[in-house]
Amino acid sequence: MQLFIDTAKVDEIRTAADWGILDGVTTNPTHIAATGRPFEDVLREIFSIVDGPISVETVSLDAEGIVAEGRAIARFHPNAVVKVPVMIEGLKAVKRLSTENIRTNVTLCFSATQAFLAAKAGATYISPFIHRKELAGDDGMVFVRQIRAIYDRYGYKTKILAASIRTVKEVLDCLLAGADVCTMPFDMLQALYKHSMTDAGLAMFLDDWKKVPPAKLFTEAHAGVH
Ligand code: G3P
C-alpha cells in the first residue's frame, strides 16, 4: 500500500519525504488556505520536494470549469493528479479528462456506488473518506471492502486512495481491506512509527550498552575509518 501525506504544509512534506516512506501528496482547498500562501507558490514547492503523484483539487461546479482547471493543473507539472468532487458535473469532467490521459482523483466519496460511478468515468483514484464515515456511525473498513470487492469483481483499474484517516486502527483497516493508497496528516504518519514498548525496549538496550567496553567497530565507524 502506498503512503501519501494529506497536507499542503511544505515543512511537514519535506520531513515525511526525508523519512523515505512517502509516495505522494494529496491537497485540498482547506489545506491550501491553511498555508496562507499563494496557490502556485505552494504547488511549485510541493512538486520540487516529492517525485510522486500530487493531487490538486478543482473548485468549479460545472464540467466545463472543472475540465479547464484540470487541464491547467495537469500542465503545471507531469506528477499532478486532478482532484474532482464526486457529483454529476465532476464525473462528466473526469470522463473527459481521462480521455485526454489526465489522471484524476475523485474525492468526497461516501458510498460504494459513488466509487462504482467514478470507476466507470475512468477515475485514476477514488478517495473514500474513512474517518468522516466513522463519525457518521458507519464502518470504514466495510466501506473500503465493498469498493475493493466491486473493483475486483468487475475489473476496474481505479485505485482506492483511502482518505480522511485519523487513527492508526483506520490505517490498519485499510491495509487489511486492500486499499491501494492511504493518505493521512503528518501526525498520523508519525503515529504509525510510535509504540511505547519500542521506546521502553530501546531505553533498556542503550542502558545495557553502557556496560560494554568501548567498541572499536563503532568508534572507527563514527570517525570515518574504513
Ligand atoms: O484531503 C481529503 C481528506 O483526507 C480530508 O479529510 O477528514 O481529514 O479533513 P479530513
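Start at 1 and go down the list; that is how both ligands and their atoms are numbered.
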For N28, the ligand 1 atoms whose distance to one of its heavy atoms is below 4.0 Å: 1 (O), 2 (C), 5 (C)
task: Establish, from distance only, whether the side-chain atoms of T26 and S55 form a donor-acceptor pair under 3.5 Å.
output: no
query: What are the two closest non-hydrogen atoms of S98 and A121, and how far apart are they?
result: OG-O, 3.4 Å
message: Within the 4.0 Å heavy-atom shell around A163, which atoms of ligand 1 are there?
response: 4 (O)
- request: Give a yes or no on whether D51 atom CG has more than 12 heavy-atom contacts from other residues, nucleotides or ligands under 6.0 Å away.
  value: no
field: Test salt bridge (charged side-chain N to carboxylate O under 4.0 Å, His left out) applied to E134 and R166, step by step
entry: CA-CA 10 Å; E134 297 261 352; R166 295 289 172 76; over 6 Å; no
query: Are any of the N or O atoms of T26 closer than 3.5 Å to those of ligand 1?
result: no
- prompt: Judging by distance only, is a nitrogen or oxygen of R166 under 3.5 angstrom from one on ligand 1?
  reply: yes
message: Filter on ring pair (Phe, Tyr, Trp, His ring centres under 6.0 Å), then keep only pairs touching residues 164-189, sequence neighbours left out; what's left?
response: W19-F186
query: Is there a heavy atom in R132 that sits closer than 4.0 Å to ligand 1?
result: yes
message: Geometry only, no angles: is T27 polar-contacting ligand 1 at N/O separations under 3.5 Å?
response: no
query: Looking at atom 2 (C) of ligand 1, what's its closest protein heavy atom, distance included?
result: F129 CZ, 3.4 Å
- prompt: Which of the atoms of ligand 1 are close to K83, meaning less than 4.0 Å from one of its heavy atoms?
  reply: 1 (O), 2 (C)
field: Heavy atoms from other residues, nucleotides or ligands near OH of Y154 exceed 12 (cutoff 6.0 Å)
entry: no
Contact with ligand 1 for E57, non-hydrogen, under 4.0 angstrom: no
message: Quick check: D6 and ligand 1, any N/O pair under 3.5 Å apart?
response: yes
message: Tell me every residue that passes side chain to side chain contact (heavy atoms under 4.5 Å, CB included) with M87, counting only those two or more places apart in sequence or in another chain.
response: L61, I66, P85
